[in-house]
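Worksheet: the structure to be examined is printed underneath.
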Amino acid sequence: MAALVEEFTLSTVVLGAGPDGLLGVEQSDKTDQFLVTDSGRTVVLYKVSDQKPLGSWSVKQGQIITCPAVCNFQTGEYIVVHDNKVLRIWNNEDVNLDKVFKATLSAEVYKIHSIQGTEPLVLFKEGAVRGLEALLAEPQQTIETVISDGEVIKWTKFFLAYRHPVLIFITEKHGNYFAYVQMCKSHNLTKYILLLGQEEKSVTPNFSAHVDRNFISLMSLSSDGCIYETLIPIYLNDTEKDHKVVSSLLLKTVVSGNARNGVALAILDQDHVAVLGPPLPASKECLSIWNTKFQTLQTSKELSHGTSGQLWYYGENLFMLHGKFLTVIPYKCEVSSLAGALGKLKHSQDQDTPTMPHFVNWETSQGCGLRSYNSEHSSRVLRRKKIETSLQPEGPATEQLLSTIKKDSEKHIEVELRKFLAKWTPDFHTIIGDIVTGLLERCKAEPSFYPRNCLMQLIQTHVLSYSLCPGLMEIALERTDVQMLQLCLQQFPDIPELVTCSCLKIFLSKISPLVSSRNAILHSAYSEAFLLPHLKDIPAKHITLFLQYLYFLYLKCSGNAAMTLPGIRPPTLSQIMDWICLLLDANFTVVLMIPEAKRLLINLYKFVKSQICVYSELNKIEVSFRELQKLNQEKNSRGLYSIEVLELF
């Protein structure tokens with residue numbers, strides 16, 4: 001059970017908070033004191049219990065603070081960076097930042113991390129990491145470049161795992177996301193490729209993370225309003241190569257999928273997350289707490305004045321900008337239990353802040369009953385307790401997963417599969433097919449069993465093909481799973497023409513997926529001789545619809561030959577033309593009899609006629625160019641000077 005307590009204002013109008021809000025809120029060495037850094041020139045130290053500032057420091061006019069101030073818990077001093085490279089250190093007695101300790105660094109700083117139990121850590125924009133003491137000993141030391149050209153750091157977090165400091169930071173390049181895990185004591189750096197879904201990639205997700213035994217649980221709030229989880233191993237023997245990790249759906253539609261601003265995510269504990277954002281497209285922003293174990297909404301509070309889309313949490317306090325005020329909302333999260341998740345426990349919270357349990361997708365393969373879910377959860381907890389410090393060897397882990405697939409619930413299988421994929425190695429290529437086969441066999445034996453999230457994860461490993469698992473697309477067709485079919489068409493290079501046409505029928509029968517399904521069908525490999533007979537089986541009205549859409553795409557491209565259509569993997573002009581020809585060859589007689597297709601056929605006729613004229617003129621020019629080429633070849637036989645007159649007809 002969780003509850004939000006009455007909010008209070010920590011400060012009035014926040015001066016210097018730009019359009020992107022504050023740079024940060026960080027804890028001081030006193031549990032009740034926090035450093036607030038605006039996006040301009042000022043750092044303020046607040047005492048939350050008294051709701052008043054204890055001190056304020058500013059850099060000079062013309063200078064700008066570029067990363068939030070933090071406290072060095074080992075010395076009690078404060079650290080800030082301004083103008084990207086200038087580091088300042090001061091304490092409570094100092095008044096003027098211009099007169100405190102200054103160190104000019106050789107590279108730009110992304111963020112300074114500081115937590116209890118270890119020295120502060122400096123993360124540079126190029127991905128290099130330095131301890132504060134080592135950096136201050138030689139401020140102008142050379143800082144290496146870790147990330148590749150074009151990669152940009154989007155998010156970072158620092159925490160202790162078994163008393164060892166661990167830093168994770170997420171980068172983005174051309175829509176692809178990568179996770180770097182830095183073991184600070186051993187200096188081991190491991191790079192992971194995050195296999196996010198298309199919904200997660202469309203807009204930069206909001207990230208949050210916490211340590212879950214041997215894994216970093218990375219959560220992302222994506223543009224579709226859902227929360228996804230990725231398990232990243234902390235300890236990995238092979239740090240020389242990039243490893244792939246797959247995300248899976250954790251909570252569905254916690255905020256409106258149309259929200260682009262004002263959304264944030266924070267992990268409060270192992271079972272609770274705080275989400276900032278509008279729950280519905282037309283609604284105002286809300287702060288809500290969700291139980292991830294039981295997938296229920298625990299409590300929610302409307303924020304009528306809007307926010308900056310930023311959320312910080314320390315202890316039992318949530319910090320945010322509400323309108324123009326820095327607001328603190330205390331919260332309480334009790335130990336997660338089924339009764340608490342349903343709001344059945346007696347609690348001492350105020351009557352005006354009731355819990356609001358709300359179910360998401362709570363079904364398991366045994367049904368919605370309480371007994372099956374408790375059994376699943378107990379099994380999950382026991383398995384997590386068995387995780388050892390070193391990763392399990394491949395053989396036993398595979399056998400254990402295949403055994404789990406045969407008898408356990410969908411949610412449990414999904415959890416175990418994510419752990420398995422988190423230990424990804426190239427040797428897994430031969431095992432993935434066995435896992436898919438096991439899932440599909442159970443799907444056929446139990447009609448109610450459909451582990452969609454597991455299958456989507458496996459497809460995104462980029463190692464499957466149609467011939468390796470033909471039953472996968474068969475079951476997706478049976479259940480008209482448009483998203484899975486799109487993914488298969490993008491990933492599988494050997495899909496038969498019959499299956500391609502079956503996918504096309506489903507896409508054309510739906511209202512919305514046509515545009516997104518084009519980044520799929522038009523790219524599919526095919527043999528014209530085998531494809532044409534199957535195209536004749538598609539209903540005439542769907543053929544007309546597809547032709548209209550292809551003609552629209554052609555008009556977009558033909559106006560500018562160098563134009564690239566928007567979207568992921570857009571079709572080329574050649575692909576559009578090929579499919580128009582295929583559809584007309586297969587269905588011309590049928591389309592000719594449909595009144596609705598008359599205007600389309602006339603437009604296509606005019607288009608073909610104009611293209612013939614263009615190609616005819618090009619052929620004439622080609623002849624002239626050939627003559628020019630011959631003359632150019634004879635140039636060597638002429639003297640040093642000549643005058644030539646060429647007539648083009």
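Between the side chain of Ser288 and the backbone N or O of Thr299 there is no donor-acceptor pair closer than 3.5 Å. Formation of a donor-acceptor pair under 3.5 Å by the Glu410 side chain with backbone atoms of Tyr450 is found in this model. The main-chain N or O of Ser222 is never found under 3.5 Å from a side-chain atom of Ser220 such that the two would form a donor-acceptor pair. With hydrogens and angles ignored, the 3.5 Å screen pairs no side-chain donor or acceptor of Asp50 with any backbone N or O of Lys52. The main-chain N or O of Met456 is never found under 3.5 Å from a side-chain atom of Asn453 such that the two would form a donor-acceptor pair.
In this model, no donor atom of one side chain and acceptor atom of the other lie less than 3.5 Å apart for Trp290 and Thr292. If you check the side chains of Gln491 and His462, you find a donor sitting under 3.5 Å from an acceptor. In this model, no donor atom of one side chain and acceptor atom of the other lie less than 3.5 Å apart for Glu26 and Tyr78. Judged by distance alone, the side chains of Glu416 and Thr404 never bring a donor and an acceptor atom under 3.5 Å apart. When only modelled atom types and interatomic distance are considered, Ser304 and Glu302 share no side-chain donor-acceptor pair under 3.5 Å. At a cut-off of 3.5 Å, with distance as the only test, a side-chain donor of Glu229 or Ser217 sits close to an acceptor on the other residue.
Side-chain atoms of Leu35 and Pro68, non-hydrogen and from C-beta on, never get closer than 4.5 Å to each other. Considering only heavy atoms from C-beta on, Phe319 comes within 4.5 Å of Val48 through its side chain. Looking only at side-chain heavy atoms (C-beta outward), Val25 and Thr37 stay at 4.5 Å or farther from each other. Leu439 has its side chain within reach of Leu458: a pair of non-hydrogen atoms, C-beta onward, lies under 4.5 Å apart. At a threshold of 4.5 Å between non-hydrogen side-chain atoms, the residues Met484 and Leu455 count as touching.
The CG atom of Leu421 sits 10.5 Å away from the CD atom of Gln460 when rounded to the nearest 0.5 Å. The structure places CG of Leu22 at 11.0 Å from OG1 of Thr42, a figure rounded to the nearest 0.5 Å.
Qualifying side-chain hydrogen bond (donor to acceptor under 3.5 Å, both in side chains) partners for Thr31, counting only residues two or more places apart in sequence or in other chains: none. Judged as a side chain to side chain contact (heavy atoms under 4.5 Å, CB included), and not counting sequence neighbours, the contacts of Ile64 are Thr66, Asp83. Scanning for side chain to side chain contact (heavy atoms under 4.5 Å, CB included) contacts around Ile115 gives Thr118, Phe158, Leu160, with sequence neighbours left out. Judged as a side-chain hydrogen bond (donor to acceptor under 3.5 Å, both in side chains), and not counting sequence neighbours, the contacts of Thr156 are His113. A search for side chain to side chain contact (heavy atoms under 4.5 Å, CB included) contacts involving Glu7 returns Lys301, Leu303, His322, Thr327, Ile329, not counting sequence neighbours. The side-chain hydrogen bond (donor to acceptor under 3.5 Å, both in side chains) search around Glu108 returns Lys125, not counting sequence neighbours. The ring pair (Phe, Tyr, Trp, His ring centres under 6.0 Å) check on Tyr314 picks up Phe34, with sequence neighbours excluded. Every residue meeting the side chain to side chain contact (heavy atoms under 4.5 Å, CB included) condition with Ile193, not counting sequence neighbours, appears here in chain and number order: Phe178, Leu195, Asp242, Lys244. Scored by the ring pair (Phe, Tyr, Trp, His ring centres under 6.0 Å) test, Tyr331 finds no partners at all (sequence neighbours excluded). Under the ring pair (Phe, Tyr, Trp, His ring centres under 6.0 Å) criterion, Tyr313 pairs with no residue at all, not counting sequence neighbours. Under the side-chain hydrogen bond (donor to acceptor under 3.5 Å, both in side chains) criterion, Ser49 pairs with Asp32, not counting sequence neighbours.
Applying the salt bridge (Lys or Arg N to Asp or Glu O under 4.0 Å) test to pairs two or more places apart or on separate chains, those with a residue in residues 448-460 are Arg452-Asp481.
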Run the side-chain contact (heavy atoms from CB on, under 4.5 Å) test on Ile170 and Ile153 for me, step by step, so that the C-alpha distance in whole Å, both residues' side-chain angles and the decisive distance to 0.1 Å come before the verdict. CA-CA 6 Å; Ile170 308 297; Ile153 299 178; over 6 Å; no
Applying salt bridge (charged side-chain N to carboxylate O under 4.0 Å, His left out) to Glu151 and Lys191, what does each step give before you reach the verdict? CA-CA 13 Å; Glu151 273 187 76; Lys191 181 179 180 181; 3.6 Å; yes
